[in-house]
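Down below is the structure, laid out as structure tokens.
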Amino acid sequence: MQSALESALLQLESAVAVLGIDEGLHQLLATPRRSLEVAVPLRRDDGSLEVLQGYRVQHNLSRGPAKGGIRFHPHTDLNEVRALAMWMTWKCALIGIPYGGAKGGVAVDPRALSRNELERVTRRYASEIIPIIGPEKDIPAPDVGTDEQTMAWIMDTYSMHSGYTVTGVVTGKPVSIGGSQGRGGATSRGVMYACFSALREAGVDHREVTIAVQGFGKVGGLAAQYLHDAGCTVVAVSDVGGAIYNGDGLDPAALLKHLRSGADTVVGYPGTDSISNAELLELDVDVLVPAALEGVIHEGNAANVKARFVVEGANGPTTPDGDKVLEDKGVVVVPDILANSGGVAVSYFEWVQDLQAYFWSEDEVNDRLKVLMERAYDDVSALATAKGLSLRTAAQVIGVGRVAEAHRTRGLYP
Ligand code: NAD
């Protein structure tokens, strides 16, 4: 199966071919600007010492400071972080916000740590990457395995080193310390807008569609809830423990409440049948929202996907081989850099509010997000139609094209 980095590089190649970019610039766009690998020593609660690996990659800085999440996951490695950082670059350019792309991560299973251990890992990792982050340099945010508490600890660690409070160093913080209204649900809300744009374009009424969501975390959980609240029928969701199905529809809000009150998986939720994560991807639904990890739709299972629309909440859930199969079947794939860009869009709004120390209402945030996402969808769809491209290649062409333009305009130093 193609790795995340192989996928990202192949997607870049497709865009470069359409744009007619020369080999030198192609190489520049394929190469991360900075990759930092750090040791993260952790004193466990039992007194033992463990040394974890951490990463921060800044893929491109040509359009502004770097921006991207921090992932805590046992399989995180440098190549995965490089791929995720590259996707962030194209995503920020595509939706027209003045950032380059970055990503970070620590190879650790956060569920295996106590809260105190998690705080120590976060603060030590933050202090190791302090030399390259900051509101003008690189602004982290939550990703898989991290949340607003993680961002609060990073913000506090950075501020302690600076000697004063620096709210703009991270986004996705709690509102009480400079976070933005609407950030918590922004990626999910954006997934819904992207989904509705695709359905509208195909003349499908969203109140008549069935949906399966893989990954019931920060993105998938609220995406399922918003889609349900808007009138869609969410028939299946899953997490790392497995998947659940109810053909009459689930109530995602009640399920989220069930998890918040202590359940550690969706599996076993009353009134649902258990199915496997693999079966969820192949359900006979109208819309599939992969919102967990990379590479879940690939050459081996893409032919069995029955959904007419795949709306990528996750980053890189479909490999290029899987993409080809879906395209041949006529499946509409709303690509990650478009479909999940609502998170970084509202992260941008948060950073702007922090820099101005002037905060917006939730309605203002949501309205601006909708405008940004619908404009990006329309740009991508218009280019795809005009040039006969898939939505993915069209999105990449716009993102990569804007970054290439920034390089050409700035020139090469020295
Ligand atoms: P999260 O840690 O909150 O949730 C991840 C979910 O996926 C959990 O429910 C987990 O149990 C589930 N999962 C993990 N492995 C799985 C597997 N093998 N099969 C099924 N489910 C599995 O993470 P998140 O922030 O929701 O991120 C999910 C995806 O969305 C990632 O690809 C991330 O990069 C992307 N993304 C996140 C944001 C954001 O704002 N958080 C923004 C853009 C994109």
Side-chain angles (χ1 to χ4, degrees), residues 4 7-8 67-76 80-81 83-88 90-92 94-95 101-105 108-111 140-151 170-173 179-180 182-191 194 212-225 236-244 252 255-256 259 263-267 275-281 288-298 301 311-318 335-348 350 369 373:
S7 297
K67 187 88 190 76
I70 289 175
R71 177 172 291 194
F72 285 178
H73 190 276
H75 298 146
T76 291
E80 181 190 63
V81 176
L84 291 163
M86 188 185 295
W87 284 321
M88 286 305 299
W90 317 141
K91 191 185 301 183
C92 293
L94 170 63
I95 56 162
K103 206 80 180 190
V108 66
D109 181 359
R111 297 185 315 161
D143 191 73
V144 174
T146 58
D147 59 15
E148 61 174 32
Q149 179 60 67
T150 325
M151 295 307 115
V170 288
T171 58
K173 303 178 289 294
S180 176
R183 174 60 183 90
T187 311
S188 315
R189 196 172 289 281
V191 166
V213 180
Q214 186 199 39
F216 202 68
K218 294 187 296 298
V219 177
L222 285 178
Q225 186 187 322
V237 301
S238 70
D239 59 26
V240 69
I244 55 172
L255 188 53
L256 283 168
L259 293 174
D264 61 359
T265 171
V266 296
V267 177
I275 58 172
S276 69
N277 254 305
E279 286 170 317
L280 177 138
L281 296 172
L288 175 62
V289 180
L293 293 172
E294 303 91 65
V296 296
I297 302 172
H298 46 77
N301 64 358
V311 182
E312 297 185 332
N315 286 306
T318 313
D336 46 9
I337 62 170
L338 176 59
N340 70 36
S341 61
V344 75
V346 176
S347 272
Y348 167 58
E350 179 174 333
L369 170 65
M373 294 229 29

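Order of listing sets the numbers, starting from 1, for every ligand and every atom in it. In what follows, every heavy atom counts, from backbone to side chain, and hydrogens, waters and symmetry copies are set aside.
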*With a 3.5 Å cut-off and no angle check, do the side chains of K67 and T171 form a donor-acceptor pair?*
yes
*Between S238 and N277, a side-chain donor and acceptor under 3.5 Å*: yes
*asked:* Whether the D143 and T146 side chains hold a donor-acceptor pair (N or O, under 3.5 Å, no angle test) is what I'd like checked.
replied: no
*Any side-chain donor near an acceptor of the partner, S347 and E350, under 3.5 Å*: no
*About how many Å separate CZ of R71 and OG1 of T150, when rounded to the nearest 0.5 Å?*
13.5 Å
*asked:* Assess, by modelled atom type and distance only, whether the side chains of E312 and T318 contain a donor and an acceptor separated by less than 3.5 Å.
replied: yes
Which N/O atoms of ligand 1 sit under 3.5 Å from a protein N/O, and at what distances?
{"unit_1": "ligand 1", "atom_1": "2 (O)", "unit_2": "G145", "atom_2": "N", "d": "3.0"}
{"unit_1": "ligand 1", "atom_1": "3 (O)", "unit_2": "K218", "atom_2": "N", "d": "2.9"}
{"unit_1": "ligand 1", "atom_1": "3 (O)", "unit_2": "K218", "atom_2": "NZ", "d": "2.9"}
{"unit_1": "ligand 1", "atom_1": "9 (O)", "unit_2": "F216", "atom_2": "N", "d": "3.3"}
{"unit_1": "ligand 1", "atom_1": "9 (O)", "unit_2": "G217", "atom_2": "N", "d": "3.2"}
{"unit_1": "ligand 1", "atom_1": "11 (O)", "unit_2": "V240", "atom_2": "N", "d": "2.9"}
{"unit_1": "ligand 1", "atom_1": "19 (N)", "unit_2": "N277", "atom_2": "ND2", "d": "3.2"}
{"unit_1": "ligand 1", "atom_1": "25 (O)", "unit_2": "K218", "atom_2": "NZ", "d": "3.0"}
{"unit_1": "ligand 1", "atom_1": "26 (O)", "unit_2": "K218", "atom_2": "N", "d": "3.1"}
{"unit_1": "ligand 1", "atom_1": "26 (O)", "unit_2": "V219", "atom_2": "N", "d": "2.9"}
{"unit_1": "ligand 1", "atom_1": "30 (O)", "unit_2": "G313", "atom_2": "O", "d": "3.4"}
{"unit_1": "ligand 1", "atom_1": "32 (O)", "unit_2": "A292", "atom_2": "O", "d": "3.1"}
{"unit_1": "ligand 1", "atom_1": "32 (O)", "unit_2": "N315", "atom_2": "N", "d": "3.0"}
{"unit_1": "ligand 1", "atom_1": "34 (O)", "unit_2": "R71", "atom_2": "NH2", "d": "3.0"}
{"unit_1": "ligand 1", "atom_1": "34 (O)", "unit_2": "D143", "atom_2": "OD1", "d": "2.6"}
{"unit_1": "ligand 1", "atom_1": "34 (O)", "unit_2": "D143", "atom_2": "OD2", "d": "3.4"}
{"unit_1": "ligand 1", "atom_1": "34 (O)", "unit_2": "N315", "atom_2": "ND2", "d": "2.8"}
{"unit_1": "ligand 1", "atom_1": "40 (O)", "unit_2": "R183", "atom_2": "NH2", "d": "3.4"}
{"unit_1": "ligand 1", "atom_1": "40 (O)", "unit_2": "T187", "atom_2": "OG1", "d": "2.8"}

